[in-house]
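A short worksheet on the structure shown next.
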Amino acid sequence: MKIKSAVFVKGVMGDDDILEDGIPQVAFIGRSNVGKSSVINSLVNRKDLAKSSSKAGKTKEINLFLINKSFYLVDLPGYGFAQASLEERENLRKLIFWYLLYSSVEHKKVVLIIDAKVGVTENDAEMLRRLDDREKNIIVVANKVDKLKNSEYKKALAAIQVKVGAHTVIPYSAEKKIGIGELLDRMLK
Ligand code: GTP
Ligand code: MG
C-alpha cells in the first residue's frame with residue numbers, strides 16, 4: 001500500500017464523536033518512550049507528524065491521523081511513565097484502558113509495541129492479556145532492534161516471542177526503517 005496522504009485530525013481526552021465516525025482505526029500502544037509516535041512517523045515516512053521526544057511522556061492525548069482519507073492511525077500516551085504525578089499517571093491509564101477496552105470503538109488492529117532490548121515488561125504482559133481478553137486483533141512489534149548487537153538479536157527476539165505466545169512478532173526499527181513493509185501489510189489485512 002502506498003501512503004498518499006497523512007493528516008493530523010484531532011487529539012481527544014475522552015469520548016468524542018470522531019471516535020465513532022465509522023472510519024477504521026489502528027491504535028498504537030506500549031510503554032512510555034518505546035517509540036509509538038516514531039513508528040507512526042516511519043510508516044507514513046514523515047519526520048514529525050506524530051510528536052516524538054527523547055523524554056518519556058510526550059504523547060498525552062488520543063491523537064488521530066487520517067491516512068489516505070480511509071483509516072486512522074491512532075497515537076496513544078504510553079504507560080509506565082514514572083516521572084508523571086500519580087494522578088496524571090492514573091488518569092492516562094484510565095484513558096488508555098477506556099479507549100482500547102471499553103469504548104465502543106471497533107479497532108481494525110491494535111499494535112502493541114515492545115522495546116526489543118528491554119523485552120516484555122509486566123505492564124506489557126498485562127496489556128496483552130487484557131487486549132486478548134477483549135479479542136482485539138493484535139500485532140506485536142519489537143521496536144528499536146537497531147539497539148541490539150548482532151550477538152544479542154536472536155536471543156532477544158526469542159525471549160519476546162516466548163512471552164507473547166501465538167502472536168507474530170515483527171522486528172522493527174523506526175530509526176533505521178526496518179520492518180515497515182511487514183507492519184503495513186499486517187495492519188491493513
Ligand atoms: P510517549 O509518547 O512519551 O509515550 O513515547 P513514544 O512511545 O511515542 O516514543 P517516541 O516515538 O516519542 O520515541 C521515544 C524515543 O525513542 C525518541 O528519542 C526516539 O528517537 C527513540 N526511538 C524511537 N524509535 C526508535 C528506534 O527504532 N531506534 C532507536 N534507537 N530509537 C528510537
Ligand atoms: Mg508518543
Side-chain angles (χ1 to χ4, degrees), residues 3 6-13 25-67 72-100 109-128 130-131 138-153 156-157 160 169-184 186-187:
I3 302 222
V7 185
F8 171 66
V9 183
K10 202 171 183 180
V12 301
M13 285 294 278
Q25 299 182 24
V26 178
F28 293 74
I29 185 65
R31 296 167 63 226
S32 198
N33 214 236
V34 72
K36 299 171 293 298
S37 302
S38 302
V39 168
I40 289 178
N41 288 333
S42 67
L43 288 172
V44 300
N45 201 18
R46 293 261 293 270
K47 269 214 153 70
D48 216 11
L49 181 68
K51 301 288 174 254
S52 72
S53 166
S54 56
K55 271 176 64 191
K58 178 70 179 176
T59 309
K60 292 190 182 305
E61 296 187 321
I62 298 169
N63 288 315
L64 294 107
F65 301 91
L66 183 61
I67 310 303
Y72 292 120
L73 297 184
V74 182
D75 192 15
L76 293 169
Y79 45 77
F81 173 39
Q83 276 96 320
S85 72
L86 193 63
E87 192 187 356
E88 190 181 5
R89 238 184 317 173
E90 198 42 43
N91 285 342
L92 285 179
R93 188 182 148 85
K94 278 190 200 141
L95 179 69
I96 294 165
F97 280 126
W98 167 79
Y99 167 78
L100 284 174
K109 292 274 159 39
V110 177
V111 181
L112 175 63
I113 306 182
I114 309 283
D115 187 309
K117 193 153 179 143
V118 174
V120 179
T121 65
E122 257 174 52
N123 285 336
D124 293 331
E126 183 197 358
M127 180 56 77
L128 183 62
R130 289 194 179 213
L131 291 168
I138 303 161
I139 302 173
V140 179
V141 164
N143 188 38
K144 308 196 185 183
V145 290
D146 59 281
K147 285 175 128 187
L148 294 171
K149 296 191 195 102
N150 283 339
S151 58
E152 300 172 325
Y153 187 94
L157 268 293
I160 292 172
V169 178
I170 304 179
Y172 202 94
S173 168
E175 187 155 305
K176 297 276 189 269
K177 310 234 185 258
I178 298 167
I180 294 175
E182 190 180 353
L183 179 52
L184 280 175
R186 284 188 185 270
M187 241 171 56

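As the structure lists them, so they are numbered: ligands from 1, and atoms in each ligand from 1.
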So, 2.8 Å as the limit: is an N/O/S atom of Thr59 located closer than that to the Mg ion (ligand 2)?
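For Thr59, the answer is yes, given that an N, O or S atom comes within less than 2.8 Å of the Mg ion (ligand 2).
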Between Ser52 and the Mg ion (ligand 2), is there a contact where an N/O/S atom of the residue lies under 2.8 Å from the metal?
no
Just to verify, what does Lys147 make a salt bridge (charged side-chain N to carboxylate O under 4.0 Å, His left out) with, not counting sequence neighbours?
none
Identify whether NZ of Lys or CZ of Arg in Arg130 sits under 6.0 Å from the centre of the six-membered ring of Phe97 and within 45° of that ring's axis.
yes
Please output the residues near ligand 1 using a strict heavy-atom distance under 4.0 Å, listed in chain and residue-number order.
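These residues qualify: Arg31, Ser32, Asn33, Val34, Gly35, Lys36, Ser37, Ser38, Ser52, Ser53, Ser54, Ala56, Gly57, Lys58, Thr59, Gly78, Asn143, Lys144, Asp146, Lys147, Ser173, Ala174, Glu175.
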Minimum-distance pair of heavy atoms, taken over all atoms of Val145 and Ala116
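Looking at all heavy atoms of both residues, the closest pair is CG1-CB, 3.8 Å.
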For Glu88, what residues pass the side-chain hydrogen bond (donor to acceptor under 3.5 Å, both in side chains) criterion, not counting sequence neighbours?
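Counting only residues at least two positions away or on another chain, Glu88 forms a side-chain hydrogen bond (donor to acceptor under 3.5 Å, both in side chains) with Lys60.
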Show me the pairs that pass ring pair (Phe, Tyr, Trp, His ring centres under 6.0 Å) and involve residues 43-66, at least two apart or across chains.
Phe8-Phe65
Would you tell me whether Asp124 and Thr121 have side-chain atoms, one donor and one acceptor, within less than 3.5 Å of each other?
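Looking only at side-chain atoms, Thr121 and Asp124 do form a donor-acceptor pair, the distance falling under 3.5 Å.
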One thing to verify: whether Arg93 and Glu126 come together as a salt bridge, which I'm taking to mean a side-chain N less than 4.0 angstrom from a carboxylate O.
yes
